[in-house]
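The structure appears below as structure tokens.
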Amino acid sequence: VQLQASGGGSVQVGDSLRLSCAASERTFENFGAGRGWFRQAPGTEREFVAAINWNGGSTHYADSVKGRFTISRDNNKRTIYLQMNSLNPQDTAVYYCAAGSSAWYRGIVHSTFYDYWGQGTQVTVSS
């Protein structure tokens, strides 16, 4: 399975971006599966951003993005999205999408429970 992330770019403070992550196969739709977004800024460890369960009925966010970011999915398109509003310079990072067949119940905030990763897309927010 391959994950293809897209939608990054350079924006100003307060702007919005929408990231997409398309899977090459229709999978991760079993109960317990999860898909998510992580990010990594230079010199820091990869951190959890948001995750969504197999049918989109449940979501979870890092405190730093809660209320500003929204994760969603379209299983017909095998794609998840991350709508990012009110961006600030602390959001600058490479954003990675991930998927795991059992990530939702094993621990969606932990990168170790994800089986597949996208290549990353750069988001840069300037003041």
Side-chain angles (χ1 to χ4, degrees):
V1 178
Q2 294 183 341
L3 303 178
Q4 181 70 41
S6 61
S10 296
V11 297
Q12 300 293 313
V13 170
D15 284 350
S16 299
L17 277 176
R18 189 176 83 152
L19 306 183
S20 300
C21 176
S24 59
E25 302 174 16
R26 184 159 186 166
T27 184
F28 312 115
E29 295 177 19
N30 57 287
F31 182 80
R35 295 183 68 176
W37 292 94
F38 288 73
R39 66 186 181 186
Q40 187 168 20
T44 69
E45 294 186 354
R46 190 170 298 188
E47 65 172 2
F48 171 77
V49 176
I52 191 165
N53 76 329
W54 70 279
N55 67 354
S58 295
T59 57
H60 186 68
Y61 298 92
D63 287 343
S64 59
V65 307
K66 201 171 294 183
R68 299 187 298 122
F69 291 11
T70 302
I71 188 171
S72 60
R73 67 187 294 163
D74 184 337
N75 285 348
N76 289 328
K77 296 182 179 179
R78 309 185 304 275
T79 300
I80 65 168
Y81 306 94
L82 185 67
Q83 177 66 42
M84 306 186 295
N85 298 330
S86 301
L87 286 162
N88 60 59
Q90 289 70 43
D91 297 317
T92 295
V94 177
Y95 283 70
Y96 297 91
C97 59
S101 59
S102 60
W104 189 260
Y105 67 77
R106 294 184 68 188
I108 51 171
V109 303
H110 301 293
S111 60
T112 53
F113 296 136
Y114 290 83
D115 307 308
Y116 300 96
W117 291 83
Q119 83 287 3
T121 184
Q122 176 70 47
V123 172
T124 302
V125 184
S126 302
S127 56

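Just so it is clear, the values below take in all heavy atoms, side chains as well, and ignore hydrogens, waters and symmetry mates.
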What distance separates [X] [atom1] from [Y] [atom2], expressed to the nearest 0.5 Å?
{"X": "Thr59", "Y": "Arg73", "atom1": "OG1", "atom2": "CZ", "value": "12.0 Å"}
{"X": "Tyr105", "Y": "Phe113", "atom1": "OH", "atom2": "CZ", "value": "10.5 Å"}
{"X": "Asn30", "Y": "Asn55", "atom1": "CG", "atom2": "CG", "value": "11.0 Å"}
{"X": "Asn53", "Y": "Glu29", "atom1": "CG", "atom2": "CD", "value": "11.5 Å"}
{"X": "Glu45", "Y": "Ser111", "atom1": "CD", "atom2": "OG", "value": "9.0 Å"}
{"X": "Phe69", "Y": "Leu19", "atom1": "CZ", "atom2": "CG", "value": "8.0 Å"}

For residues 3-30, pull every pair meeting ring-ring contact (aromatic ring centres under 6.0 Å, His included), keeping only residues two or more places apart or in separate chains.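 Of all non-adjacent pairs touching residues 3-30, those that pass ring-ring contact (aromatic ring centres under 6.0 Å, His included) are Phe28-Tyr116.
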Compare every heavy atom of [Y] with every heavy atom of [X], then report the nearest pair and how far apart it is.
{"X": "Thr92", "Y": "Ala41", "result": "O-CB, 3.7 Å"}
{"X": "Ser86", "Y": "Arg68", "result": "O-NH1, 3.0 Å"}
{"X": "Ser64", "Y": "Arg39", "result": "OG-NH2, 3.4 Å"}
{"X": "Trp104", "Y": "His60", "result": "CH2-N, 4.3 Å"}
{"X": "Asn85", "Y": "Ser16", "result": "OD1-OG, 2.9 Å"}
{"X": "Val123", "Y": "Met84", "result": "CG2-CE, 3.8 Å"}

Please say yes or no: joined through hydrophobic side-chain contacts below 4.5 Å, possibly via intermediate residues, are [X] and [Y] part of one cluster?
{"X": "Trp54", "Y": "Ile52", "value": "no"}
{"X": "Val109", "Y": "Leu82", "value": "no"}
{"X": "Leu17", "Y": "Ile80", "value": "yes"}

Where do Ser6 and Gln4 land on the side-chain hydrogen bond (donor to acceptor under 3.5 Å, both in side chains) test, with the steps shown first? CA-CA 7 Å; Ser6 61; Gln4 181 70 41; over 6 Å; no
With sequence neighbours excluded, what pairs up with Tyr81 under the side chain to side chain contact (heavy atoms under 4.5 Å, CB included) test?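 Side chain to side chain contact (heavy atoms under 4.5 Å, CB included) list for Tyr81, sorted by chain: Arg18, Ser20, Ser72, Asp74, Lys77, Thr79.
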Residues which pass ring pair (Phe, Tyr, Trp, His ring centres under 6.0 Å) with Tyr61, listed by chain and number, not counting sequence neighbours: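 Expected list: none.
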For Gln40, is there any backbone N or O sitting under 3.5 Å from a side-chain donor or acceptor partner on Arg46? no
Other residues, nucleotides, ligands: >12 heavy atoms within 6.0 Å of Gln122 CD: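 Atom CD in Gln122 is packed in, count exceeds 12.
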Would you call the rings of Tyr114 and Phe38 parallel, tilted or perpendicular if under 30° counts as parallel and over 60° as perpendicular? perpendicular
Mind checking whether Arg35 and Ile71 have side chains closer than 4.5 Å, heavy atoms only? no
So do the side chains of Tyr96 and Leu3 get within less than 4.5 Å of each other, counting heavy atoms only?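 No, their side chains stay 4.5 Å or more apart.
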